[in-house]
Engineer: 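Once you've had a glance at the structure underneath, I'll fire off some questions.
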Amino acid sequence: MAAGVWFRKCLRLHDNEPLAKAAASGLDVIPFFILDPHFDKSRVGVNRFNFLLQSLQDLDQQLRSRKSRLLVFRGQPEQVLAELFSGKAPLRLSAVFWEADTEPYARARDARVLAMAKEAGVQAEQFSGHTLLDIDATIWKPGFKPPISMKSIQAIVNAAGPFRAPLDVPKIPPLKVEGHQVPAISELYDDEPTSQGFPGGETEALARLQRVCSDAEYVRCFEKPKTASTGRPGCPWEPSTTGLSPYLKFGCLSVRTAWYAIDRCIRGKSHSQPPQSLHGQLLFREMFYLLGAAVPNFDRNEGNTMCKVIPWGDDEHLLAAWEAGKTGYPFIDALMRQLKQTGFMHHLGRHAVACFLTRGDLWQHWTAGRDVFDRLLLDADWALNNGNWLWLAGVAPFSAPYFRIYDPCPGPKSSLNAEQTGEFVKHYVPELKNMPAKYLYKPWTAPLAEQKKAGCVIGQDYPQPIVDHQRAREENLAKFKAALDSKGGVLPAKFGGAKGDPGPMSTSAYTSGKGGKGAGRKGGKRHEVPEAEASDSRKIRRWGKKLDDTLAGG
DNA sequence: GGATCCGTTGTAGCT
DNA sequence: AAGCTACAACGGATC
């Protein structure tokens with residue numbers, strides 16, 4: 001008899017509780033993954049699927065170096081597991097362990113598997129591990145309220161106490177079974193993966209974490225809104241952030257391991273704070289996981305207390321141009337082509353293209369953009385992706401005010417932090433590679449002679465702007481306001497989920513009150529140590545400059 | 001119960 | 001050059 005370890009996310013050996021439990025059971029251990037036909041080409045782009053297969057390869061290699069291996073089965077999970085529950089040795093399971101997954105598809109599937117296991121007399125157990133918090137335990141606690149701000153998620157996390165330390169890799173009994181290899185991507189997809197810089201797997205995940213944390217000052221001073229949407233100077237395809245998100249999505253990296261590695265860098269020294277710090281990023285991840293699990297219909301427009309209903313348009317032509325990176329707005333197009341080509345986009349880039357598709361310019365439904373991201377992003381994660389689209393469409397209570405619309409042609413003062421030499425745009429939109437920098441974000445303003453000289457005539461070699469931004473912006477602001485005024489944007493919030501009525505939740509946008517960016521926020525009583533804060537921002541500025549120099553030099 | 005503060009990340013235009 | 005204002009004006013938390 002054997003204990004199965006069902007890998008789904010959690011594609012790692014470190015800090016893997018199901019694996020530790022199986023290894024401690026005294027039974028043989030069968031590590032396996034099931035390639036579920038549900039996740040087909042319509043749902044998963046070739047780059048993410050390749051990332052998954054690389055992660056499985058890495059897992060297999062690591063297990064083999066420990067005299068075990070990974071078995072990859074294909075088919076519907078319920079069917080495969082039914083066979084493993086009733087099959088012949090050595091592939092018959094008397095126990096199976098996995099990491100809990102709170103996404104709706106996984107939840108329904110796992111409930112069926114738990115029932116099957118009970119029926120078959122197989123011990124089945126799942127362990128919380130993908131998040132810092134035990135999501136289900138948290139949302140069922142009396143008095144739980146869905147967090148919609150950094151303060152509220154911090155309160156929840158603080159109340160939960162310190163997270164357990166990451167677990168060591170257990171001693172795994174040897175396994176000798178033939179077949180069930182990790183397939184090659186060419187067996188499953190016709191097109192070739194095109195991603196760069198993000199090889200899947202735990203080995204790379206830990207190496208990347210190591211690289212990030214070897215620069216403790218970078219970790220201490222990290223402020224997300226100050227990182228560049230257009231990558232690193234000189235190599236715009238490299239993220240200006242840590243690039244750890246795909247590894248967290250698949251659990252190649254344990255979030256606890258990441259949390260404590262960051263903690264070691266910042267402990268005892270002055271450091272940036274949530275929400276902008278690296279810990280803040282992980283806290284947002286927790287917040288969206290809680291919302292995804294606690295809010296019914298979190299991925300929908302209707303029946304979703306976190307979503308104001310806005311009469312979005314439905315124009316296939318606009319959506320297709322956006323997805324293809326052919327809107328005629330070079331910054332938007334470069335970002336969308338980066339997404340398609342590499343599977344990665346900086347968070348602020350996601351702000352720019354999501355705002356452009358929805359309330360900013362094209363007035364298309366946020367779920368349409370959500371689906372494109374869900375397919376193409378290496379780090380596409382159901383709760384985070386939905387949460388971010390709700391945020392950016394301006395329909396969630398945690399959204400920025402709807403009238404804060406990003407300029408799709410960001411200048412040097414824009415909070416999108418887009419570099420001004422145009423190297424990012426030129427890299428992903430090669431039609432524009434000879435366009436002078438001063439016209440790069442608005443090439444239609446270049447005189448025809450300049451366009452010809454650059455070999456890029458607008459309307460021929462590169463599209464005209466698909467909409468007039470100033471006009472679209474004003475029209476959309478008016479439509480959004482009208483929808484709010486008519487109360488069409490407010491739902492009665494009367495659909496209780498399986499859990500108790502979470503209570504009427506906010507469904508409106510907010511404004512920041514008077515003052516521009518950051519104005520009027522200093523000097524409040526929240527900032528008890530203004531000196532430390534000032535020294536932090538000095539450090540951060542110094543650091544930013546140093547980073548720029550280093551990267552420019554290298 | 002009313003007032004006040006606050007919310008990761010807008011932009012243009014002015015001084 | 002950095003800092004202010006206009007734009008339009010929500011709702012949760014706290015006092």
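Please read these numbers as outputs of a predicted model, since none were measured by experiment.
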Engineer: Rounding to a whole Å, what distance do you find between A:Asp361:CG and B:dG10:P?
Structural biologist: 16 Å
Engineer: Write down the distance between CZ (A:Phe398) and P (B:dT9), rounded to a whole number of angstrom.
Structural biologist: 13 Å
Engineer: A:His351 has a side chain; which of B:dG10, B:dT9, B:dT8 sits nearest to it?
Structural biologist: B:dT9
Engineer: Judged by atom type as modelled, is there a donor-acceptor pair below 3.5 Å linking the side chain of A:Arg285 to the main-chain atoms of A:Ala383?
Structural biologist: no
Engineer: In whole angstrom, give the distance that lies between atom CD of A:Gln276 and atom P of B:dG7.
Structural biologist: 11 Å
Engineer: If you take all heavy atoms of A:Pro463 and A:Lys326, which pair is closest and at what distance?
Structural biologist: CG-O, 3.8 Å
Engineer: What nucleotide, of C:dG3, C:dA13, B:dG10, holds the atom closest to the side chain of A:Lys145?
Structural biologist: C:dA13
Engineer: Who does B:dT4 pair with, Watson-Crick or G-U, both distances under 3.5 Å?
Structural biologist: C:dA13
Engineer: Consider the side chain of A:Ala400, meaning its heavy atoms from C-beta on, and name the nucleotide among C:dA8, B:dT8, B:dT9 that approaches it most closely.
Structural biologist: B:dT9
Engineer: Check whether any side-chain N or O of A:Arg404 sits under 4.0 Å from OP1 or OP2 of B:dT9, and answer yes or no.
Structural biologist: yes
Engineer: Going by 5.5 Å between centroids and 30° between planes, is there a stack of A:Phe403 over C:dC7?
Structural biologist: no
Engineer: Identify the nucleotide, in any strand shown, that forms a Watson-Crick or G-U wobble pair with C:dT5, with both distances under 3.5 Å; if there is none, say none.
Structural biologist: B:dA12
Engineer: If you only use heavy atoms from C-beta on, which nucleotide in B:dC14, C:dA8, B:dT8 is closest to the side chain of A:Pro225?
Structural biologist: B:dT8
Engineer: If every non-hydrogen atom of A:Thr342 is compared with every non-hydrogen atom of A:Tyr428, which pair is closest and at what distance?
Structural biologist: CG2-OH, 3.7 Å
Engineer: Is any side-chain nitrogen or oxygen of A:Lys151 closer than 4.0 Å to OP1 or OP2 of B:dT8?
Structural biologist: no
Engineer: Suppose you measure atom P in C:dT14 against the same atom in B:dT8; what distance do you get, rounded to whole Å?
Structural biologist: 14 Å
Engineer: Nearest to the side chain of A:Leu348 - B:dT9, B:dG13, B:dT11?
Structural biologist: B:dT9
Engineer: Please confirm whether the shortest side-chain N or O distance from A:Lys481 to OP1 or OP2 of C:dA9 is below 4.0 Å.
Structural biologist: yes
Engineer: Between B:dT11 and A:Ser414, is there an OP1 or OP2 to side-chain N/O distance shorter than 4.0 Å?
Structural biologist: yes
Engineer: Which value, in whole Å, describes the distance between the P atoms of nucleotides B:dG7 and C:dC7?
Structural biologist: 24 Å
Engineer: Taking atom P in both B:dC6 and C:dT5, what distance in whole Å separates the two?
Structural biologist: 16 Å
Engineer: For C:dA9 and A:Tyr402 - does any side-chain N or O of the residue sit under 4.0 Å from the phosphate oxygens OP1/OP2?
Structural biologist: yes
Engineer: Mind listing the closest non-hydrogen atom pair of A:Leu432 and A:Cys456 along with its distance?
Structural biologist: CD2-SG, 3.8 Å
Engineer: Closest to the A:Gln281 side chain: B:dT8, B:dT9, B:dT11?
Structural biologist: B:dT8
Engineer: I'd like the P distance from C:dG12 over to C:dA8, given in whole Å.
Structural biologist: 24 Å
Engineer: Would you please confirm or rule out a distance under 4.0 Å between OP1 or OP2 of B:dT11 and any side-chain N or O of A:Ser415?
Structural biologist: yes
Engineer: What closest approach, in Å, do A:Asn417 and A:Thr227 show between heavy atoms, and which atom pair accounts for it?
Structural biologist: ND2-O, 3.0 Å
Engineer: Which heavy atom of A:Pro330 sits nearest to which heavy atom of A:Tyr441, and what is that distance?
Structural biologist: CD-O, 3.6 Å
